[in-house]
Every structure is written in C-alpha cells, then in structure tokens.
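Each ligand, and each atom within it, is numbered from 1 in the order the structure gives.
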Amino acid sequence: MSVNLQTPIDYLKGVGPNRADLLRKELGIHTYQDLVNLFPNRYIDRTQYYKINQLQRNNVDIQVIGKLIKFEEIAQKRGKRLVASFQDETGTMELVWFRGQKWIRESLKLNTPYVIFGKTNWYNGKFSMAHPEIELKEEHEQHLRSAMQAIYPSTEKLTNKGITNRVMTKIMQQLFIETKGKFTETLPEYLRSELKLISKSEATFNIHFPKHQELLSKAQFRLKFEELFYIQLQLILKNLIHKSKIKGFPFLIVGNYFNSFFKEHLPFKLTNAQKRVLKEIRHDLGSNAQMNRLLQGDVGSGKTIVALMSMLIALDNGFQACLMAPTEILSVQHYNGLYELCKELKISIKLLTGSSNTSERREIHKTLENGELQILIGTHALLEDKVKFKNLGLAIIDEQHRFGVAQRSKLWKKNTSPPHILVMTATPIPRTLAMSVYGDLDISIIDELPAGRKTIKTVHRYDSNRLKVFRFIRDEISKGRQIYIVYPLIQESEKMDYKDLMDGYASIERDFPKPEYQISIVHGKMKAADKDFEMQRFIKGETQIMVATTVIEVGVNVPNASVMIIESAERFGLSQLHQLRGRVGRGAEQSYCILMTSHKLSNDSRTRLETMVRTSDGFEIAEVDLRLRGPGDIMGTQQSGVLNLKIADIIKDNDILQLARHHAKQLLKADPTLAALENKSVLHTYRQMSKYKNIWNYIS
Ligand code: ADP
Ligand code: MG
C-alpha cells in the first residue's frame with residue numbers, strides 16, 4: 001500500500017512534534033502532501049568547486065576545497081569573532097564565526113581537507129565566508145549528491161531552530177524514502193504524450209533532486225502546467241455548471257426602446273469595440289443561461305452607453321433594470337446622464353441613494369414593486385431589503401472593485417430567479433490575471449477609445465517647481481479650462497492627510513484669490529449634500545478649480561476639465577493614478593496630467609511615475625502594477641487561486657497558463673462530466689482537490 005499523502009507531517013521519521021510544529025507555523029506544512037509541494041526557490045550547482053583565486057566579488061553561493069591553517073580570536077565591539085585562515089593551492093581566504101565559536105574550535109581539525117559552502121564576501125582586501133557549511137572532504141565524497149541542490153524557502157525562525165537547508169533536504173529525502181518516490185499520476189496519458197510531459201513521479205523527484213538542468217526544466221514545466229491546468233479546470237467547470245443550472249430570463253427580442261434609441265438618440269457613433277461588446281451581451285441575454293459577465297474597459301472607453309443599451313434590451317422584454325455605482329457622486333452623475341439620454345424614450349428612471357428622502361423612497365419602493373419604475377440607479381442603497389423589484393431582469397454594477405462579493409450576491413437574490421449580471425470595471429487587470437481570477441465570469445473588453453481623443457500629456461514635477469505649475473494653471477484657466485487638484489487620503493493616516501488637504505486648499509486660495517477664481521472642495525468627511533453642491537458648481541463651470549481627495553477617482557465626467565494635478569503622487573498606486581488621470585481628456589481640448597512629488601522617491605515610486613509618463617494604456621499600466629506589487633494586492637485576487645500558486649508564476653508563466661486553459665477547455669468540451677475512462681486521473685485529482693482545499697470561494 002502506498003503512503004497516504006494526507007498523513008500529518010509529525011509522522012515522518014526525523015520530524016517529530018517540535019519540528020512539525022515549526023514546519024506548520026513557519027511554512028504551512030501540515031501533511032506529507034504539503035511537503036511534496038514545498039518547491040525550492042532556486043538551485044545551486046554542487047558539482048562545481050572553486051579555487052580561491054577564481055573567486056569573484058559577486059556574493060553568490062559557492063564551494064571550495066581546502067584546509068584550515070589557523071584560528072584567531074578577534075575582539076570586536078561586543079564579544080569577539082572567530083576567524084580561520086582557509087587555504088588551497090591557489091590562495092587563502094577567511095572563514096568567520098560570530099556564534100558557536102567554542103564548538104567550532106573544538107570540532108574542526110587543522111590541516112585536514114574540508115569542503116566549505118556559502119556566500120563569499122569581499123572585506124578588507126580579502127575574501128571571506130561567514131558561518132559556512134563545512135564538511136570533511138572524505139565525508140563529502142561519500143554522499144550521493146545531485147548536480148543541482150535545491151534551496152528551500154525558509155524563515156529566520158527555522159534557521160535559528162536548526163532547520164537549515166541541509167536539514168530540510170534530509171527531511172525531503174526521508175519523504176522520498178517513505179513514499180518510495182511514487183506519486184499518483186494526475187494528468188491523462190494522452191495529454192502527457194501530446195505535450196511531452198514527464199510523469200508525476202519523475203517530475204516530483206527532479207524538482208527536489210534534479211539530475212541535471214534539462215530534467216529540472218521538464219519537471220518545472222510539467223508541474224506548472226499541472227497547477228495552472230487544475231485551476232483553469234475548476235474555473236471553467238464552475239462556469240459550465242453555472243450555465244446549465246442557473247436559468248436566466250431569455251430576452252428574446254430587441255425591440256422599440258433599443259432600436260429607436262440606436263436610430264434616433266445615440267449621440268455619437270459607437271466604436272467597433274462597443275459594438276462587439278454589445279453583441280456579446282445581447283447573445284448572453286438571448287440565451288437560456290443567466291449572464292454573468294465582466295465588462296472591462298479603460299477609463300473613458302464608453303462603458304456607460306453599453307450599460308444603457310443593455311438595460312434597454314431588458315426593458316424591451318418587459319423587465320426592469322438597475323445600475324449600482326459605488327459613490328453618491330457617481331450615481332448622481334449616471335442618473336443625470338442617463339436621464340438626459342432617455343428623455344425622448346419616455347422611460348421611467350429614478351435615483352436612489354443614502355440621501356434620498358422618505359417620500360422619494362416610498363415612491364420608489366412602490367413603483368418598483370408594481371413595475372411602473374423601469375430603471376433604478378443608485379448606490380448601496382439598492383441593496384436594502386425594502387428595495388423589491390417586480391421583475392428585475394438585469395443588474396449592472398459599475399466599478400465593481402469597490403463592491404464585495406457578498407454585496408454582489410445580495411443583488412442577485414433580489415428576484416425569484418437571478419437577474420442577468422453585468423459587472424463593469426475600469427481598473428484593468430491584465431488579461432492573464434483576469435483569466436485566472438475571473439475565469440468563471442465571461443469577459444468582454446472595450447479596447448478602443450472613441451475617435452478624436454487626444455493623448456493626455458503627462459509630466460512629473462517636483463514640489464520645488466510649484467510656481468511654474470501654478471503659472472500653467474492660470475494660463476489654462478484663462479483659456480476657459482477647469483483644473484483638478486487631488487490629494488492623497490489614505491485611511492490609516494487620515495488625520496494627517498486631511499491636514500495636508502486643508503493646508504493645500506489654503507495655499508491655493510492664496511494663489512488663486514476670489515473673485516477672479518472660484519474653488520470647489522470635495523472630501524470624504526463632507527455631507528453628501530455638500531459634496532454634491534460643490535461637485536455641481538464645478539460641473540456647471542461656476543468654479544475653475546476642484547480641490548479634492550480621491551473621492552473623485554471613479555467615474556466623474558466633466559469634459560471641460562483639462563488639467564489633473566496629483567499632489568504627493570508618489571503615494572498613489574498605479575491604478576489609482578491612472579484612474580485619476582482618466583478624469584481629464586474627456587473633451588476636445590488637449591489635456592494634461594501633472595504628477596507632483598517631493599525629491600525623495602523610492603525605486604518603486606520612480607517606476608510608477610515613469611510608467612505614467614510613458615504610457616496611457618491601462619492594460620500596460622496594469623501589467624507594471626502587477627509586476628511591482630505581485631498579484632496579492634490587486635483587486636479581486638484575494639478570493640482566487642492565483643494567490644496560492646505554489647510553483648507557477650502568474651506573470652512569467654503566461655504561456656503555460658494559456659496552454660493549460662486551452663487544454664482544460666478542450667477536455668471539458670469533449671468530456672464535460674469527466675466520465676471518460678481516459679480522464680479518470682483528472683476526475684480523481686479534481687475530487688481530491690475539492691475535498692482538501694476550499695476551492696469554491698471564488699466569485700459567484
Ligand atoms: P467609462 O468607460 O470610463 O465609464 P464613459 O461611459 O463615462 O466612460 O464615457 C466617457 C465619455 O465618452 C462620455 O462623455 C461619453 O459620452 C463619451 N463616449 C462614449 N462612447 C463614445 C463614442 N463612441 N464616441 C464618442 N464619445 C463617446
Ligand atoms: Mg464609468
């Protein structure tokens with residue numbers, strides 16, 4: 001019988017309760033399986049030995065054969081260090097110990113061949129190695145060692161408690177002894193032969209004990225493929241199950257509302273991307289399955305009109321529709337815009353937010369339930385229990401990253417049968433990541449901006465250039481333009497940020513005095529009504545400058561605003577900077593974005609600023625963001641498997657991801673229930689995964 005990989009790690013010979021505890025706490029290793037999946041960070045070549053005169057000042061791990069010539073104790077500030085001269089036929093270097101000196105002196109022999117291993121330092125004109133791994137040459141030669149030695153992830157605590165890489169390697173060897181190195185195959189034979197993938201057992205062995213570079217590469221490829229393949233399989237399967245189980249309302253016709261809007265009231269020509277996306281949505285709405293679609297489009301790409309036209313299809317089929325936005329400002333703006341667009345269509349459309357008064361609410365609740373109200377726009381207020389639709393056919397969520405999963409599913413439950421869902425986001429996440437994170441949603445992308453948009457000129461300026469920047473603002477205002485000045489407001493340090501904002505406001509008031517200049521201010525601490533008042537003054541052109549925190553980040557549309565100044569730009573993340581910049585460049589005028597910073601910039605800040613100056617492509621920016629931050633911080637990834645990737649790298653292994661997705665799709669197309677004999681291993685693996693991992697907490 002083979003060893004059960006779910007066996008607790010305590011049972012592995014040589015581990016015991018103390019080490020098991022450490023492994024659990026430090027590396028999350030609970031079972032044999034977890035240990036198998038502790039993949040090395042890197043490998044070092046232990047067949048190669050360096051001569052001392054070959055050493056380079058590059059601080060890498062190397063090994064050297066030589067003899068200890070003499071020990072010396074050197075006093076230092078606190079305590080002393082033990083230094084040994086280590087010699088081979090080409091030269092001398094120093095070995096240094098700061099701890100355990102007594103034991104070292106007593107156990108190491110002079111003038112006897114040793115093999116030392118570690119990182120070299122160049123210090124005081126000499127090479128030295130601190131706390132080397134050291135082993136008698138004779139013993140060293142008795143070990144069977146693979147060419148490449150795995151270096152495992154570790155922590156300070158593990159090292160301090162004596163679980164060095166060497167110990168880790170021994171534990172791993174023991175695992176292979178107990179399991180006899182036999183691991184259940186997880187990929188079907190036909191797939192392995194088509195893709196020339198080595199077996200699970202061979203890959204597992206070679207990832208830990210690579211025989212040579214080529215086998216290591218094959219092992220890595222096979223295991224990365226496997227990992228991505230199963231994530232994709234789960235996501236696609238979930239999507240399929242969803243489609244077959246959850247019936248939507250088929251919107252069979254495209255009728256009067258849609259057609260007359262399209263023919264008579266559309267204020268511009270749709271871009272090809274908008275047309276394509278509308279077609280995709282129409283197709284979903286017309287099918288029997290419930291739509292669950294993510295619409296991605298860069299800021300200003302024109303998602304709102306797509307939302308409206310989708311809602312008109314719902315109305316054409318006798319259903320209601322709603323549009324939920326994350327902020328009051330944005331909801332109001334959507335409402336005003338859509339109200340204007342639909343005026344001629346005689347549609348009943350209402351706005352519901354936290355500041356709607358009781359009688360407005362009552363009216364909305366009533367007409368919503370009796371079906372008179374056709375389109376409802378609003379904030380979270382839409383989620384309240386009192387909000388009951390007669391027949392909600394389509395729910396649209398704008399800027400979805402502001403809403404949690406729970407909130408979304410609440411909307412979903414507003415009907416006996418779930419409405420079609422369209423989620424819109426302007427925070428582009430790289431396509432590859434979208435595929436892993438939202439693999440269970442269908443994705444539409446508007447990858448084209450309306451014609452005639454001028455690229456926003458983006459520059460980076462230091463605070464010391466403020467006078468010039470202010471002069472520029474004055475010029476723009478004299479041409480009739482409007483200006484945004486945005487301050488960071490980050491929750492933890494809210495008080496300080498608030499002070500920055502107010503100081504900034506005061507100084508702008510000094511430089512742009514009334515009555516010549518009028519200034520609006522909007523921040524999170526203001527009452528909704530005051531915010532709206534200030535916002536409206538700016539929208540109407542009564543004020544030329546809008547001083548704000550990031551509350552204006554999403555969605556605000558003032559085409560006459562042509563300059564976006566971002567204060568302390570180094571403190572903003574890339575996607576936020578991109579969002580903010582998207583507030584300008586909406587009209588016919590040349591627009592500008594000025595990123596103000598102090599002189600003190602970290603490398604990451606510099607990269608962010610350079611990226612903003614270089615490109616305005618939201619997807620490219622998202623890629624850089626992903627590289628800088630890793631997937632962990634990107635919206636939406638928290639719920640997904642990408643965070644827990646053990647061996648694949650979501651950025652570097654993009655090709656493998658595509659390949660894995662392709663094959664997962666094909667497999668499910670041919671065998672949707674995984675019933676075929678040839679897919680037995682897939683079914684088995686899939687069941688194991690569902691059993692031991694909570695893989696179902698993806699978005700639904
Ligand atoms: P976002 O995708 O950021 O939500 P919006 O829907 O707010 O973008 O559209 C941005 C601006 O572009 C709006 O003023 C809108 O009227 C305009 N717009 C949208 N589609 C087109 C188009 N096809 N041609 C010209 N202007 C368009
Ligand atoms: Mg929008």
Exercise for review: Give a yes/no verdict on a cation-pi contact between Arg474 and Phe512, requiring under 6.0 Å between NZ or CZ and the six-membered ring centre and an angle within 45° of the axis.
Suggested key: yes

Revision key, fill the gap. Near Thr271 (heavy-atom distance under 4.0 Å), the atoms of ligand 1 are 23 (N)

Review point. Purely on distance, is any nitrogen or oxygen of Gly302 under 3.5 Å from one on ligand 1?
Key: yes

Check your understanding: Hey, is His334 touching ligand 1 through its side chain, its backbone, both or neither, going by heavy atoms under 4.0 Å?
Key -> neither

Practice item. Please say which of Leu295, Leu323, Asp398, Leu285 ends up in a side-chain contact (heavy atoms from CB on, under 4.5 Å) with Leu422. Key: Leu295

Check your understanding: With respect to atom 20 (N) of ligand 1, which of Lys269, Gln274, Gln296 exhibits the smallest heavy-atom separation?
Key -> Gln274

**Study point:** Pair Glu328, Thr353: side-chain N/O donor-acceptor within cut-off below 3.5 Å
**Key:** yes

**Study point:** 4.0 Å heavy-atom contact, Gly300 with ligand 1
**Key:** yes

Practice item. Number the atoms of ligand 1 from 1 as they appear, then name those within less than 4.0 Å of a heavy atom of Thr304, with their elements. Key: 4 (O), 5 (P), 6 (O), 7 (O)

**Study point:** Interfacing atoms of ligand 1 (cut-off 4.0 Å, heavy-atom, Arg586)
**Key:** 3 (O), 7 (O), 10 (C)

Check your understanding: Is any N or O atom of Leu270, backbone or side chain, closer than 3.5 Å to an N or O atom of ligand 1?
Key -> no

Point to revise | Residue-ligand contact Arg453/ligand 1, heavy atom below 4.0 Å | key: yes

Review point. Taking side chain as C-beta onward, heavy atoms only, is Ser348 less than 4.5 Å from Ile375?
Key: no

For residues 535-546, which side-chain N or O atoms pair as donor and acceptor with protein atoms under 3.5 Å away, sequence neighbours left out?
| from | atom 1 | to | atom 2 | distance (Å) |
| --- | --- | --- | --- | --- |
| Arg537 | NH2 | Ile519 | O | 3.3 |
| Thr543 | OG1 | Ser520 | OG | 2.9 |
| Gln544 | OE1 | Gln518 | N | 2.6 |

Check your understanding: Among all residues two or more places apart in sequence or in another chain, which pass the ring-ring contact (aromatic ring centres under 6.0 Å, His included) test with Phe472?
Key -> Tyr592

Exercise for review: May I ask you to check whether His420 and Phe251 place their ring centres under 6.0 Å from each other?
Suggested key: yes

**Study point:** Lys/Arg cation over aromatic Phe258: Arg282, 6.0 Å, 45° cone
**Key:** yes

Review point. Can you list the atoms of ligand 1 that are under 4.0 Å from a heavy atom of Ser301?
Key: 2 (O), 8 (O)

**Study point:** Contact partition for Asn557 relative to ligand 1, non-hydrogen atoms under 4.0 Å
**Key:** side chain

